[in-house]
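Every number for a ligand or one of its atoms is a count from 1 in the order of the listing.
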Amino acid sequence: MKTINIAIDGPAGAGKSTIAKMVSARLGYIYVDTGALYRAVALYITENNIADEDIEKALAGADVSLRFVDGAQRVFLGDRDVSDLIRTPAISMAASRTSAIPAVRAYLFETQQKIARENNIIMDGRDIGTVVLPNADVKIFLTASAEERANRRYKELAEKPDCPPYDEILQDIIKRDYADMHREISPLKQAEDAVLVDTTTLNLEESAEAIVKVIESKIG
Ligand code: DC
């Protein structure tokens, strides 16, 4: 049976994961956060001190997998659930760097395609509509202005004691956008047949609603 595949790509901080989770719950699809796979690989490389030239060989033994518990995604290295360990700033940085290594992308390519073949999914990432699932039923490019994304991140962090200044957050976002859009392999870009959803002036509910409308217009 053919499964339904919905690809959502866009820059860091556009709200992809929160919005994609809301839409998946509404449609009864599995939400797949591919950033978690890149983060788990980064954790593996960091913990095992693997040099760049040894990554391809080492990944053969990494055993990165996703499991779904009550519809929620957990990411595993072997039998170890690393879903929480991968959410540190150090692993964000490491994942940003190692995700540009061709052997890392090649390793995760089949993992992502297999999940999409076997399930009705909403998959978010940077290259899902362009590279991983070029035949996805629906492709969405979700974005918001850099200033608005920085603003949202600032509000999220404002409660915490070590909240960085707004300008620093904005500069980080601009830097990460640049790195994601200009890397040689699988750069972040809107697929030709993707629908652009700009959430700069939308709240979460309005953003989810906009995406559900796009999906309904494509697959009824
Ligand atoms: O979405 P995220 O911040 O959890 O992603 C972590 C890193 O992985 C990010 O720097 C970009 C990279 N990534 C990627 O290159 N391709 C994807 N499909 C998903 C994430």
Note the single closest protein heavy atom to atom 7 (C) of ligand 1, along with its residue, its atom name and the distance in Å. Ala95 CB, 3.9 Å

Go through the structure and list residues passing salt bridge (charged side-chain N to carboxylate O under 4.0 Å, His left out) with Asp84, not counting sequence neighbours. Arg74

Atom 8 (O) of ligand 1 sits nearest the protein heavy atom Tyr38 CB, 3.5 Å

If you measure from each non-hydrogen atom of Arg183 to ligand 1, which part falls under 4.0 Å: side chain, backbone, both or neither? side chain

How long is the gap from OH on Tyr31 to CE on Met22, to the nearest 0.5 Å? 13.0 Å

I need the nearest protein heavy-atom contact for atom 5 (O) of ligand 1: residue, atom name and distance, please. Gly35 CA, 3.6 Å

Please list, in number order, the atoms of ligand 1 under 4.0 Å from a heavy atom of Ser96. 10 (O)

Quick one: do Ser92 and Arg39 satisfy side chain to side chain donor-acceptor pair (under 3.5 Å)? Show the steps, please. CA-CA 7 Å; Ser92 299; Arg39 286 169 181 271; 3.1 Å; yes

List the closest protein heavy-atom neighbour of atom 19 (C) of ligand 1: residue, atom name, distance to the nearest 0.1 Å. Thr34 OG1, 3.4 Å

Under 3.5 Å, side chain of Lys139 to main-chain N/O of Pro134, donor-acceptor pair present? yes

N/O of Gln112 under 3.5 Å from N/O of ligand 1, yes or no? no

Any N or O of Asp124 closer than 3.5 Å to N or O of ligand 1: no

Under 3.5 Å between some N or O of ligand 1 and some N or O of Asp33? no

Between Arg176 and Arg126, what is the shortest heavy-atom contact and its length? NH2-NH2, 3.5 Å

Does anything in residues 205-217 pair up under salt bridge (charged side-chain N to carboxylate O under 4.0 Å, His left out), and if so which pairs, sequence neighbours excluded? Arg26-Glu209

What is the closest protein heavy atom to atom 15 (O) of ligand 1, and at what distance does it sit? Arg105 NH1, 2.8 Å

Side-chain H-bond candidate by donor/acceptor type, Arg152 with Thr18, under 3.5 Å: no

Using atom types as modelled and distance alone, determine if a side-chain donor or acceptor of Asp198 lies under 3.5 Å from a backbone N or O of Thr200. yes

Tell me the contacting part of Lys16 for ligand 1: side chain, backbone, both, or neither, using a 4.0 Å heavy-atom threshold, strictly below. neither

Is there at least one pair of N or O atoms, one from Asp127 and one from ligand 1, spaced under 3.5 Å apart? yes

Quick note on ligand 1: atoms under 4.0 Å from a heavy atom of Ser99 include exactly 12 (C), 15 (O)

Give the numbers and elements of all ligand 1 atoms closer than 4.0 Å to a heavy atom of Arg39. 2 (P), 3 (O), 4 (O), 6 (C)

Please confirm whether Arg126 comes within less than 3.5 Å of ligand 1 when only nitrogen or oxygen atoms on both sides are compared. yes

Go through it in stages, so that I can follow the logic: the residues are Phe76 and Asp81, the test is side-chain contact (heavy atoms from CB on, under 4.5 Å), and I'd like the CA-CA distance, side-chain angles, deciding distance and then a yes or no. CA-CA 5 Å; Phe76 283 74; Asp81 184 339; 3.8 Å; yes

Give me the residue, atom name and distance of the protein heavy atom closest to atom 3 (O) of ligand 1. Arg176 NH2, 2.8 Å

With a 4.5 Å cut-off on side-chain heavy atoms, are Ile215 and Ile6 touching? yes

Backbone or side-chain N or O of Asp180 under 3.5 Å from ligand 1 N or O: no

Can you tell whether the side chains of Asp172 and Arg153 come within less than 4.0 Å, N to carboxylate O? no

